[in-house]
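I have placed the structure first, in the form of structure tokens, so that the comments after it can refer back to it.
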There are 2 protein chains.
Amino acid sequence: MIENLPPNTVERLSNYRRKLLSYPFQEKPFIHSHRLAHLLKINPAHVRRDLMLIGFTGDVHKGYEIEKLIIEIGKAIDCQHKRKVAFIGIGDLGRAVAEAFNHDDSKLEVAATFRLTAEPEIQFQNVHCYNVSKMKQIIRQKKIDLAVIALPNADVDEITKLIVDAGVKGILNFTSAHLKVPETVFVENYDMMSKLEKLSYFTNE
Amino acid sequence: MIENLPPNTVERLSNYRRKLLSYPFQEKPFIHSHRLAHLLKINPAHVRRDLMLIGFTGDVHKGYEIEKLIIEIGKAIDCQHKRKVAFIGIGDLGRAVAEAFNHDDSKLEVAATFRLTAEPEIQFQNVHCYNVSKMKQIIRQKKIDLAVIALPNADVDEITKLIVDAGVKGILNFTSAHLKVPETVFVENYDMMSKLEKLSYFTNE
DNA sequence: AACTATCTGTTAACTAATTCACAATAAATT
DNA sequence: AATTTATTGTGAATTAGTTAACAGATAGTT
Ligand SMILES: NC(=O)c1ccc[n+]([C@@H]2O[C@H](COP(=O)([O-])OP(=O)(O)OC[C@H]3O[C@@H](n4cnc5c(N)ncnc54)[C@H](O)[C@@H]3O)[C@@H](O)[C@H]2O)c1
Ligand SMILES: NC(=O)c1ccc[n+]([C@@H]2O[C@H](COP(=O)([O-])OP(=O)(O)OC[C@H]3O[C@@H](n4cnc5c(N)ncnc54)[C@H](O)[C@@H]3O)[C@@H](O)[C@H]2O)c1
């Protein structure tokens, strides 16, 4: 892992990789910065700068060798070991996001999912869906360190406390509640309504 | 609407409003910048600056009057008329996002949803779910100008072309495909995998 | 009435992110 | 061999976003 990459660069590197994985690099093994930039609707200088930051160099004429680039992005942003993710709340949203993991061969792995006490335990996409009462124990046991929260706002505070106690270090939060966590825990909030309201503002001719 | 607000400010204003709507302002009608900032985990100067940009002033001692602030945020970022949103793809993800509208009284309204030819038309949360073959016609007819795309990557290019032709001006894109649209169309991409990989990077002790 | 404490509004400083612009390079073409 | 063309790598410039700092205001306190 390469230290001190800017957050936006990390996010873009992840995007480059996903884009390149679905690119026909068997036939076309090289790609130019402007081509990749175009696919992602960003500036070519941006691509070159990001790759510079991870020390990946291309050929002045052929461009970047895709297969090698995919590997180097991995070295730059992935952890050595698999990282385990817990999903808390497996409603419509949780299901949709958890499913997205199937199409992806990253270092991230859905290690457990949880839902309400009242509902029976099930097998969800080869992963067990536990009763939330077992959450703390399971997270500890399995050494899970990332969590996706997709449950009704009401329970969020309590749940957050539990999972942070159990050792979770990063949370992707889909509720509109803002989480109370210690400094050391990294939270990424995502609220679709604010994205839509932003769209609405910027498209008002 | 107040012109030329920075994108991040628009997004934060939307967040302030949602947070304030769930705040007990009947009992506590005023709020200080640092309190609101704390609830959203941001810097108090940020709150003050954003409110300055929309020309909203508070009381030096009491703080900001919440009910008025909610209204002024509306004046700053909402359009006069209701904006109609179409959902294209009503799988797990589409359903989850569309449902989120129920809990929200913004100027945005789900006007139609669409899904594949093979599936029957249904009523989804008081909104009709049409066959995608009627999409262009319906979007034109209902003057829909925002769209949320949550369908398999395969069909995205074709669908994008159709909806842009039909008059859509802003798209919230959940697929990992990057959309080909004219300059005038505002696209907001969201890819959860890259957010998770970012989490993973920044929590690797 | 003077003093203290606190909070807003705003400027200025700072930091991060993006884009420009061009030297260096080398393939392709004349 | 000289010229043209295209592309990388990168310093510098630019732009956007965030935070610090503080004057001015005023309620509360001594
Ligand atoms: N960020 C966004 O823009 C966005 C979009 C859509 C939904 N959401 C939010 O995501 C959340 C989930 O949405 P959804 O449509 O999937 O809801 P849903 O009702 O379909 O599912 C909720 C799930 O959470 C589980 N759950 C409830 N309480 C729980 C608890 N205490 N512990 C563990 N599991 C619990 C339930 O078993 C259920 O599976 C809601 O808060 C919703 O507001 C956010
Ligand atoms: N951005 C993210 O991080 C993220 C997360 C989860 C899912 N996704 C993506 O969102 C998409 C949907 O995910 P999902 O779990 O809801 O899938 P899903 O299979 O549950 O639902 C897909 C829906 O799209 C509809 N559909 C398919 N082809 C269509 C077409 N040509 N026109 C109109 N409708 C069509 C189907 O009828 C179905 O309702 C997928 O592309 C998935 O990869 C993205």
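Order of the sequence lines fixes the chain letters, A, B, ..., with proteins taken first and strands second; residue numbering starts at 1 for each chain.
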Rounded to the nearest angstrom, tell me the gap between atom [atom1] in [X] and atom [atom2] in [N].
| X | N | atom1 | atom2 | answer |
| --- | --- | --- | --- | --- |
| B:Phe30 | C:dT8 | CZ | C1' | 14 Å |
| A:Asp50 | D:dT10 | CG | C1' | 13 Å |
| B:His38 | D:dT19 | NE2 | P | 16 Å |
| B:Glu11 | D:dT18 | CD | C1' | 15 Å |
| B:Asn4 | D:dT15 | CG | C1' | 15 Å |
| A:His32 | D:dG9 | NE2 | C1' | 15 Å |
| B:Asp59 | D:dG24 | CG | P | 19 Å |
| B:Asn43 | C:dT15 | CG | P | 14 Å |

If you assign each of A:Arg48 and A:Pro6 to its closest nucleotide in DNA chain C, which residue comes earlier from the 5' end?
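Checking each residue's closest nucleotide, the 5'-ward one belongs to A:Pro6.
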Both A:Pro7 and B:Val60 contact DNA chain C. Taking the nearest nucleotide for each, which residue is further toward the 5' end?
B:Val60
Look at [X] and [N] and indicate whether a side-chain polar atom (N or O) is within less than 4.0 Å of OP1 or OP2.
| X | N | value |
| --- | --- | --- |
| A:Arg12 | C:dA17 | no |
| B:Asn8 | D:dG17 | yes |
| B:His46 | D:dT19 | yes |

Any side-chain donor-acceptor pair under 3.5 Å between [X] and [Y]?
| X | Y | answer |
| --- | --- | --- |
| B:Tyr190 | B:Asn173 | no |
| B:Arg83 | A:Thr203 | yes |
| A:Asp191 | A:Ser176 | no |

Pick the nucleotide of DNA chain D nearest each of A:Ala45 and A:His61; which residue has the one closer to the 5' end?
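Looking at DNA chain D, the more 5' nearest nucleotide goes with A:His61.
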B:Leu5 side chain near B:Leu13 side chain, heavy-atom distance below 4.5 Å
yes
With the side chain counted from C-beta on, respond yes when A:Phe114 and A:Ile138 share a heavy-atom pair under 4.5 Å apart, and no when they do not.
yes
Straight-line distance of B:Glu72 CD to B:Thr57 OG1, nearest 0.5 Å:
9.5 Å
Using a heavy-atom cut-off of 4.0 Å across all strands, would you classify A:Thr9 as base, sugar-phosphate, or nothing?
nothing
Using C1' atoms of five pairs at each end, report the bend of the helix from C:dA1-D:dT30 to C:dT30-D:dA1 rounded to 10 degrees.
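Nearest ten degrees gives 10° for this helix.
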Test ring pair (Phe, Tyr, Trp, His ring centres under 6.0 Å), reference A:Phe87, set A:Phe101, A:Phe174, A:Tyr130, output is A:Phe101
Donor-acceptor pair under 3.5 Å: do we get one between B:Arg49's side chain and the base of D:dT19?
yes
